2 protein chains.
Amino acid sequence: MEVRVPTPSRTSLEEIVTAGRTVLRAGGLDALTMQRVGDLVGVRASSLYKHVPSRAGLVRLVVEDVFADLGARLDAAATTGDPATDLRALGRVLREFAHEDRYGFDLLFSPLSQEASPDSGSFAAASAPILRVAEAIAGPDDALPAARTLTAWAAGFLRMELVGDFHLGGDVGEAFDFGIRALVAGIRDVRAVPRE
Amino acid sequence: MEVRVPTPSRTSLEEIVTAGRTVLRAGGLDALTMQRVGDLVGVRASSLYKHVPSRAGLVRLVVEDVFADLGARLDAAATTGDPATDLRALGRVLREFAHEDRYGFDLLFSPLSQEASPDSGSFAAASAPILRVAEAIAGPDDALPAARTLTAWAAGFLRMELVGDFHLGGDVGEAFDFGIRALVAGIRDVRAVPRE
DNA sequence: ACCTGAACACCGTTCAAGT
DNA sequence: ACCTGAACACCGTTCAAGT
């Protein structure tokens, strides 16, 4: 009696995403080609389509991986209960992450095609610790805009730093610290400033 | 006597950059291909190399054009002399610009190859009005970090808005206003917050 | 059931040949 | 002096053919 033995996979989705992350880290999104990823996992580019619907679909999985990674680190960082201290810790983690994986960080705030855009829960999960600290500083009513202000500032600052927009001199680490202090003070005081 | 009549250019650098800007505006950086630009100015892609060293070189010219454009609008916006009012005007102009030309705005804070990176003066010129207002709010000593805080926040906020990171609900325009008020208050008060 | 190789449409870029 | 068309190396993606 003859037995059909289907070829077992020579790779896996997990291995492919990990390879994608490795390639992204080293050379950015442009370097994340199907051929390069195929090389890394040991199959031809065309074989990747058995595991992933398209390059955009692979990018999506990689971005979600980056979000999950950052989220876990943020979660572990804000633990003292003192809002100002926790916020500074979150800022430090964000900055470390951005320096460690600039292309990955960049991707978190990049416009992507529909197909490559991460599940909306990815962003929400990663920003939960920031929302918690923002609520502690601004109160429940202003927690959301406060968190948005903090996240926007951090994302913009680190992006500018990595792109090299800070060439007017001055200490960049000091400017980062200045920003956090200004935000803590400002978010506490918002109601004191007239609305127009 | 025979006279050599060299073929006159069928296009020009200016026309090419304008076409590049048009294509960028409509479809983003991925759509900015030599073929597409060639179509628009009426020559083959390979002929563009008589006017531009490479696609990266063309991208650079286009980015510098976007910076110049934004800088001119910012310059025209901060005119009342009242720092808080001027800052809100600058914020409004930035947000309008980002909505009007999301891909162009995005490019201002995108990591580009060396060859595609704009002249450092481009960024400095565009941010001059912000620096002026920051100095009026924070004083000369803190003008630079204050300007960086403001720019970083605006860049990050608008980027997140355009990418669609604000899906938790809430009014985005209100959050933008919240951010400006918080920053004005915070930058004025920075010295009041202990350094650690 | 997975993998390969050929094929297709599309890139950027170079260059000999046309005018 | 500028433009064209062919050519090359590289993409993403599809698919018949192999195992």
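The sequence lines fix the lettering, A, B, ..., with proteins before strands; numbering per chain opens at 1. Just so it is clear, the structure is predicted and the values come from calculations on it, not from any experiment.
- Following rounding to the nearest Å, A:R55 (CZ) and D:dT13 (P) show an atom-to-atom distance of 8 Å.
- In this structure, B:D39 has no side-chain contact (heavy atoms from CB on, under 4.5 Å) partners at least two apart in sequence or on a different chain.
- Closest approach to the A:T11 side chain among D:dC3, C:dC3, C:dG12 is made by C:dC3 (side chain taken as heavy atoms from C-beta onward).
- Contacts between residues 12-27 of chain A and DNA chain D, defined by a heavy-atom separation below 4.0 Å, involve no residue at all.
- Applying the side chain to side chain donor-acceptor pair (under 3.5 Å) criterion to A:R55, with sequence neighbours excluded, gives no partner residue.
- Between A:R181 and A:D177 a salt bridge is recorded (basic side-chain N to carboxylate O distance below 4.0 Å).
- For A:E161, the side chain to side chain donor-acceptor pair (under 3.5 Å) partners two or more places apart in sequence, or in a different chain, are A:R95, A:H99.
- Between A:R60 and A:E64 there is a salt bridge, since at least one side-chain N of the basic residue sits less than 4.0 Å from a carboxylate O of the acidic one.
- Listed by first and then second residue, the side chain to side chain donor-acceptor pair (under 3.5 Å) pairs that reach into residues 115-128 of chain A are A:S54-A:E115, sequence neighbours excluded.
- For the contact set between residues 32-40 of chain B and DNA chain D, defined by any heavy atom under 4.0 Å, there are no members.
- Residues forming a side chain to side chain donor-acceptor pair (under 3.5 Å) with B:R132 (at least two apart in sequence, or on another chain): B:D75.
- Taking atom OH of A:Y49 as the reference point, atom C1' of D:dC15 lies 13 Å away to the nearest angstrom.
- Scanning for side chain to side chain donor-acceptor pair (under 3.5 Å) contacts around A:E14 gives an empty result, with sequence neighbours left out.
- When side chains are defined from C-beta on, A:I137 does not count as touching A:L183, because their heavy atoms never get closer than 4.5 Å.
- In this structure, NZ of B:K50 is placed 13 Å from C1' of C:dT13, rounded to the nearest angstrom.
- Among residues two or more places apart in sequence or in another chain, the side-chain contact (heavy atoms from CB on, under 4.5 Å) test is passed with B:R148 by A:F166, A:L168, A:A175, B:L144.
- In this structure, B:D189 does not pair ionically with A:R188, as no charged nitrogen and carboxylate oxygen lie closer than 4.0 Å.
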So what does the secondary structure string of DNA chain C come out as, 5' to 3', with Watson-Crick or wobble pairs under 3.5 angstrom, [ ] for crossing and | for pairs with another strand? ||.|||||...|||||.||

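- Qualifying ring pair (Phe, Tyr, Trp, His ring centres under 6.0 Å) partners for A:F97, counting only residues two or more places apart in sequence or in other chains: none.
- At a threshold of 4.0 Å, the pair B:R73-B:D69 counts as salt-bridged, since one of the basic side-chain nitrogens sits closer than that to a carboxylate oxygen.
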Enumerate all atom pairs, one protein N or O and one N or O from nucleotides 4-7 of chain C, separated by less than 3.5 Å.
{"residue": "C:dT4", "atom": "OP2", "partner": "A:R44", "partner atom": "N", "Å": "2.8"}
{"residue": "C:dT4", "atom": "OP2", "partner": "A:S47", "partner atom": "OG", "Å": "2.9"}
{"residue": "C:dG5", "atom": "OP2", "partner": "A:R44", "partner atom": "NH1", "Å": "3.3"}
{"residue": "C:dG5", "atom": "O6", "partner": "A:S46", "partner atom": "OG", "Å": "2.9"}

